[in-house]
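Because the structure is a prediction, the values reported are computed rather than measured. These numbers come from the heavy atoms of this one structure, side chains and all, not from hydrogens, waters or symmetry mates.
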Amino acid sequence: MTRQMIRSGILLISLLCFPVTLFYISPYLAVDAAMVGLVSGSVLLYAVQFAGAVFVGRAFCGWIMPCGGLQEACFSANRGPAKGGRRNWIKWFVWGPLLAAIVLMLVRAGGVLGVDPLRQTRGGISVMDPVGYMFFYAVVGTITVMALVFGRRAFCHYFCFMAPFMILGRKLRNALRLPALQLAATGGACVDCKRCTAVCPMSLDVPAMVRSGRPESAECILCGNCADACPNEAVRLGFGRAATQVEAPTAKQA
Ligand code: SF4
Ligand code: SF4
């Protein structure tokens with residue numbers, strides 16, 4: 001079984017479980033719980049994502065996240081690359097107010113009074129009634145339309161409020177030069193066939209990353225697709241010490 005088969009299988013299972021897990025990523029419930037001094041399951045998840053990113057970067061996006069599986073299921077309809085550049089900054093303007101609201105509400109409530117990981121779930125299951133399913137399909141529909149209109153994993157690029165937690169965790173790792181999951185490159189082995197970029201779900205210009213000798217990008221989700229597609233093993237996925245962080249260019253719109 002190949003690495004990508006395993007990854008796709010995990011993403012499919014995660015997507016099928018999305019009605020169960022939806023509330024555990026909910027930004028609304030994070031703020032709602034903070035208003036009464038409670039830490040929701042979603043805030044706990046954000047903390048785990050930040051800490052986990054120190055060791056595995058954004059692999060959570062590439063291997064586990066149901067939204068990722070949903071967007072990759074849209075590739076058969078639109079494989080066009082999502083434009084990066086300044087658009088990638090939009091998610092920071094979603095994340096900033098969310099984090100500020102959580103902190104402000106906790107302060108107003110007098111601090112952290114407790115933890116409520118199952119908030120508004122029924123027995124741990126998020127979506128159980130028609131209203132819940134209306135909300136669920138609104139979320140799924142929004143992410144799907146973005147992938148179909150703007151290209152591969154457009155939601156991850158532009159609006160994911162969880163990505164900044166992981167990007168910051170990765171930056172901390174790079175600053176401390178800790179061993180972690182990462183891409184390694186042998187620039188001289190690259191023949192610029194661009195197979196890696198063609199399969200990159202984040203539409204990154206992988207050959208440019210490889211030639212730089214620093215295959216690191218805040219948008220890389222460490223899925224390993226580029227490594228599996230490269231005929232010359234010019235790029236590989238494994239554990240190692242930090243390379244210098246660079247912002248990778250996004251592949252041009254096909
Ligand atoms: S650069 Fe490689 S590991 Fe990173 S997102 Fe693209 S295909 Fe996945
Ligand atoms: S697939 Fe390998 S050889 Fe081809 S462009 Fe990418 S890194 Fe270079």
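- In this structure, T21 contributes its side chain and Y24 its backbone to no donor-acceptor pair below 3.5 Å.
- In this structure a side-chain-to-backbone donor-acceptor pair under 3.5 Å is missing from R58 to I167.
- Looking only at distances, no side-chain donor or acceptor of K91 sits under 3.5 Å from a matching main-chain atom of A163.
- At least one donor-acceptor pair closer than 3.5 Å links the side chain of S212 to the backbone N or O of M209.
- Between the side chains of Q182 and R241, not a single donor N or O lies within less than 3.5 Å of an accepting N or O.
- Although no hydrogens or angles enter the test, the distance criterion places a donor-acceptor pair under 3.5 Å between the side chain of S126 and the main chain of V20.
- Side-chain atoms of R153 and S203 include no donor-acceptor pair closer than 3.5 Å.
- Side chain of W63 to main chain of I6: no donor-acceptor pair is present (N/O by atom type, distance under 3.5 Å, no hydrogens or angles).
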Derivation of the side chain to side chain contact (heavy atoms under 4.5 Å, CB included) call for T2 and D228: CA-CA 9 Å; T2 68; D228 293 335; over 6 Å; no
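- Around the CD atom of E233, the shell of radius 6.0 Å holds no more than 12 heavy atoms that belong to other residues, nucleotides or ligands.
- Interatomic distance, SG of C230 versus CZ of R195, reported as 8.5 Å (0.5 Å rounding).
- A distance below 6.0 Å separates the ring centres of W95 and F165.
- What you find for L178 and V54 is that their closest heavy atoms are CD1-CG1, 3.6 Å.
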Working for salt bridge (charged side-chain N to carboxylate O under 4.0 Å, His left out), residues R79 and E72: CA-CA 9 Å; R79 285 199 66 85; E72 294 197 12; over 6 Å; no
Please test F155 against T144 for side chain to side chain contact (heavy atoms under 4.5 Å, CB included), starting from the C-alpha separation and ending with a verdict. CA-CA 9 Å; F155 182 83; T144 301; over 6 Å; no
Please assess M166 against F50 for the test side chain to side chain contact (heavy atoms under 4.5 Å, CB included), listing each intermediate value before the final yes or no. CA-CA 5 Å; M166 289 174 273; F50 172 76; over 6 Å; no
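- Ring orientation note: the planes of W92 and W89 are tilted relative to one another, at an angle of 30° to 60°.
- Side-chain atoms of S40 never come within 3.5 Å of backbone atoms of A33 as a donor-acceptor pair (strictly under, hydrogens ignored).
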CA sep, side-chain torsions, deciding dist, call: E216, K171, salt bridge (charged side-chain N to carboxylate O under 4.0 Å, His left out): CA-CA 11 Å; E216 179 80 10; K171 286 185 180 296; over 6 Å; no
